[in-house]
K.L.:
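One structure follows; several queries about it will come next.
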Amino acid sequence: MNTEFAQKVFRIVKQIPKGETLSYKQVAILAGNEEAARAVGNILNSNYDLLIPCHRVIRSDGKIGGYNGGARKKKLLLAEECK
DNA sequence: CATTTGACGCCAA
DNA sequence: TTTGGCGCCAAAT
């Protein structure tokens, strides 16, 4: 990475409270690039950081989207912590 | 260095 | 409402 954008993305996603979910677009906006929703997902995927609750980041459509460990697991994980 | 890829998003049929 | 297609960005090839 080494890019400010990626850094912001990580910081933001890390700060997502338990039970909260943000869309890639929202993260992109908070990161400073509203039109970088795609890049956000790409960054999380390329830099899967266990310190980052990327499972809290979903699509703006409300769909789960993708996940390194499987979208299914991600959904279950969210349901479990949102509890 | 140029091109493709991909965990997205929005608009038009 | 469900598809398809286009546009966007950063990272990987």
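Note that these values count all heavy atoms, side chains included, but never hydrogens, waters or copies made by symmetry. Sequence lines set the chain letters: A, B, ... in the order given, protein chains first and strands last, and positions in each chain run from 1. Computed from a predicted structure; not experimentally measured.
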K.L.:
Can you list the residues that meet the salt bridge (charged side-chain N to carboxylate O under 4.0 Å, His left out) rule with A:E34, with sequence neighbours excluded?
P.N.:
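So A:E34 forms a salt bridge (charged side-chain N to carboxylate O under 4.0 Å, His left out) with A:K25.
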K.L.:
Looking at residues at least two apart in the chain, or sitting in another chain, which of them share a salt bridge (charged side-chain N to carboxylate O under 4.0 Å, His left out) with A:R59?
P.N.:
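So A:R59 forms a salt bridge (charged side-chain N to carboxylate O under 4.0 Å, His left out) with A:D61.
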K.L.:
With a non-hydrogen cut-off below 4.0 angstrom, is A:D61 in contact with a base, only sugar-phosphate, or nothing?
P.N.:
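The answer is sugar-phosphate, as A:D61 gets under 4.0 Å only of primed atoms, P, OP1 or OP2.
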K.L.:
Flag yes if A:V9 and A:L51 sit in one hydrophobic cluster, no otherwise; membership is Ile, Leu, Val, Met, Phe, Trp, Tyr, and two members link when side-chain heavy atoms are under 4.5 Å apart.
P.N.:
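No, A:V9 does not connect to A:L51 through the hydrophobic network.
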K.L.:
Evaluate the side-chain proximity of A:L22 to A:L30: yes if any heavy-atom separation is below 4.5 Å, no if none is.
P.N.:
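They are in contact (side-chain heavy atoms under 4.5 Å apart), so the answer is yes.
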K.L.:
Take the protein atom CG of A:L22 and the nucleotide atom P of B:dC8, then report the distance between them rounded to whole Å.
P.N.:
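Roughly 15 Å, once rounded to whole Å.
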K.L.:
Please report, to 0.1 Å, the donor-acceptor pairs under 3.5 Å made by any side chain of residues 69-76 of chain A, with sequence neighbours excluded.
P.N.:
from	atom 1	to	atom 2	distance (Å)
A:K74	NZ	A:Y24	OH	3.4
A:K74	NZ	A:V57	O	2.6
A:K74	NZ	A:I64	O	3.0
A:K74	NZ	A:G66	O	3.1

K.L.:
Quick one: stems involving DNA chain B, counted as three or more successive Watson-Crick or G-U pairs, both distances short of 3.5 Å.
P.N.:
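For DNA chain B the paired stretches long enough to count as stems (3 pairs minimum) are B:2-6 with C:9-13, B:8-13 with C:2-7.
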K.L.:
First and last nucleotide of DNA chain C in contact with chain A, 5' to 3', at under 4.0 Å to a heavy atom: what are they?
P.N.:
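Boundary nucleotides touching chain A, in 5' to 3' order, are C:dG7 to C:dA12.
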K.L.:
Calculate, to the nearest 0.5 Å, the distance between atoms SG and CD1 belonging to A:C54 and A:I16 respectively.
P.N.:
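So the SG of A:C54 and the CD1 of A:I16 are separated by 9.5 Å.
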K.L.:
If you compare all heavy atoms of A:G19 against all heavy atoms of A:R56, which two are closest, and at what distance to 0.1 Å?
P.N.:
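The answer is N-NE, 4.0 Å.
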K.L.:
Tell me whether the OP1 or OP2 atom of B:dC8 has a side-chain N or O from A:S60 closer than 4.0 Å.
P.N.:
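No.
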K.L.:
Considering only heavy atoms from C-beta outward, does the side chain of A:F10 approach that of A:F5 to under 4.5 Å?
P.N.:
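A side-chain contact under 4.5 Å is absent here.
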K.L.:
Which comes earlier along DNA chain C counting from the 5' end, the contact point of A:E35 or that of A:N47, where each point is its nearest nucleotide?
P.N.:
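Mapping each residue to its closest nucleotide by heavy atoms, the 5'-most match is A:E35.
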K.L.:
Is there a donor-acceptor pair under 3.5 Å between the side chain of A:N45 and the backbone N or O of A:G41?
P.N.:
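It does not hold such a pair.
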K.L.:
To the nearest 0.5 Å, what is the distance between CG on A:L44 and OH on A:Y67?
P.N.:
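Rounded to the nearest 0.5 Å, the CG-OH separation comes out at 10.5 Å.
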K.L.:
When you compare the protein's N or O atoms with those of nucleotides 3-7 of chain B, which come within less than 3.5 Å of each other, and at what distance?
P.N.:
from	atom 1	to	atom 2	distance (Å)
B:dG6	N2	A:N42	ND2	3.1
B:dA7	N7	A:N45	N	3.4
B:dA7	N7	A:N45	OD1	3.1
B:dA7	N6	A:L44	O	3.1
B:dA7	N3	A:Y24	OH	2.8
B:dA7	N3	A:G66	O	3.2

